[in-house]
Amino acid sequence: MTAEKIDGKAFAASLRETVGRYAAEFERKANRKAGLAVVLVGEDPASQVYVRSKGKSTVEAGMNSFEFRMDADTPEQALLDKIDSLNRDDAVDGILVQLPLPKHMDEAKVIATINPDKDVDGFHVINAGRLAVGQEGFVPCTPLGCLMLLEDRLGDLSGKEAVVIGRSNIVGKPMAQLLTDANATVTIAHSRTKDLPGVVRRADIVVAAVGRPEMVKGDWLKPGAVVIDVGINRIEGEGGKGKLVGDVDYQEAMQVASAVTPVPGGVGPMTIAVLLRNTLVAAYRQEGIALDKDAL
Ligand code: NAD
């Protein structure tokens, strides 16, 4: 059996198109564009690429992008002041501080300074708490994107056995909560889990968010499982060129599972699309304009 490749790139493109339509509707109703502010501190090359691509996608979706770059040696207080002014700026609906921050800054303190209602990354403890107790807030973009791909593929997730490998605050934990809310039976596996292959073999749904290249093998999977691979790992490819792989051995998984996300082109493109979605949702909420629950 060869599994189906879950085309995250195509799904993300269609989500971005939908966001674009609602962004135009928002502009008509609110008489202004929705806006996302992205703050980048330092010159980390990967972060610069992410920030540029977030800005471009935001504008393409018909929203305003505000970019702020600060030197790596900027005092922490200057960043907190910047966030404070963005919190008070009515043209800014979403605020994203690109991580990682330079070592002299306290990430938790910086994120805690963002107004939770503009925290479109969903990293603020208030939003983590809202997700935990089932209140409306913002959910981190990557796990929400994974849930969208799963529901698109499987429809109702009720009663499915799901195993999430990884328990980070930005992927594993919120993923497990989203799956629980969708009525799946969820196991969180991690670095101390005993017999990980045995645990994974129970799952109808596997979400791997570990950061270990091709760790999940074909014989760990239940035949017909749906596999979502969040991992992004750069390994040595042919001719010494770097190559991106996920946390799942894709070729092996394709022989056992019913559907698998590739890396690249699976979960990755969903993250930015959901960021745009969260920003627009923030804008509707900020202006008190009703948005159909299932619209985005
Ligand atoms: P993290 O390092 O914060 O967490 C990794 C988790 O994996 C930990 O909870 C740890 O317990 C678990 N783990 C480590 N070794 C393990 C092992 N041998 N067996 C079982 N579990 C093990 O990482 P993260 O931020 O959650 O990211 C995970 C991966 O997802 C990384 O490759 C990252 O690059 C990728 N990622 C991708 C996107 C995207 O947009 N596609 C977004 C965020 C993260």
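Numbers here simply count residues along the sequence, with the first being 1. In each ligand, atom 1 is the first atom listed, and ligand 1 is the first ligand listed. Keep in mind that this is a model prediction, so the values were computed, not measured. In what follows, every heavy atom counts, from backbone to side chain, and hydrogens, waters and symmetry copies are set aside.
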Does NZ or CZ of Arg285 lie under 6.0 Å from the centre of the six-membered ring of Phe138, at an angle within 45° of the ring axis? yes
Between Phe68 and Lys82, is there a cation-pi geometry (under 6.0 Å to ring centre, at most 45° from the normal)? yes
With hydrogens left out, which residues have an atom under 4.0 Å from ligand 1, given that only heavy atoms count? Thr142, Ile165, Gly166, Arg167, Ser168, Ile170, Val171, His190, Ser191, Leu196, Ala209, Val210, Gly211, Arg212, Met215, Val230, Gly231, Ile232, Asn233, Val267, Gly268, Thr271
Name every donor-acceptor pair, under 3.5 Å, that has one atom in a side chain of residues 223-235 and the other anywhere in the protein, sequence neighbours excluded.
from	atom 1	to	atom 2	distance (Å)
Asp229	OD1	Gly231	N	3.2
Asp229	OD1	Asp247	N	2.8
Asp229	OD2	Asp247	N	3.2
Asp229	OD2	Val248	N	3.1
Asn233	ND2	Val245	O	3.3
Asn233	ND2	Gly246	O	3.0
Asn233	ND2	Asp247	OD1	3.0

Any luck finding a side-chain donor-acceptor pair between Tyr284 and Glu25 under 3.5 Å? yes
Pair Asp181, Gln177: side-chain N/O donor-acceptor within cut-off below 3.5 Å: no
Please say which of Arg28, Lys29, Arg32 ends up in a salt bridge (charged side-chain N to carboxylate O under 4.0 Å, His left out) with Glu287. Arg32
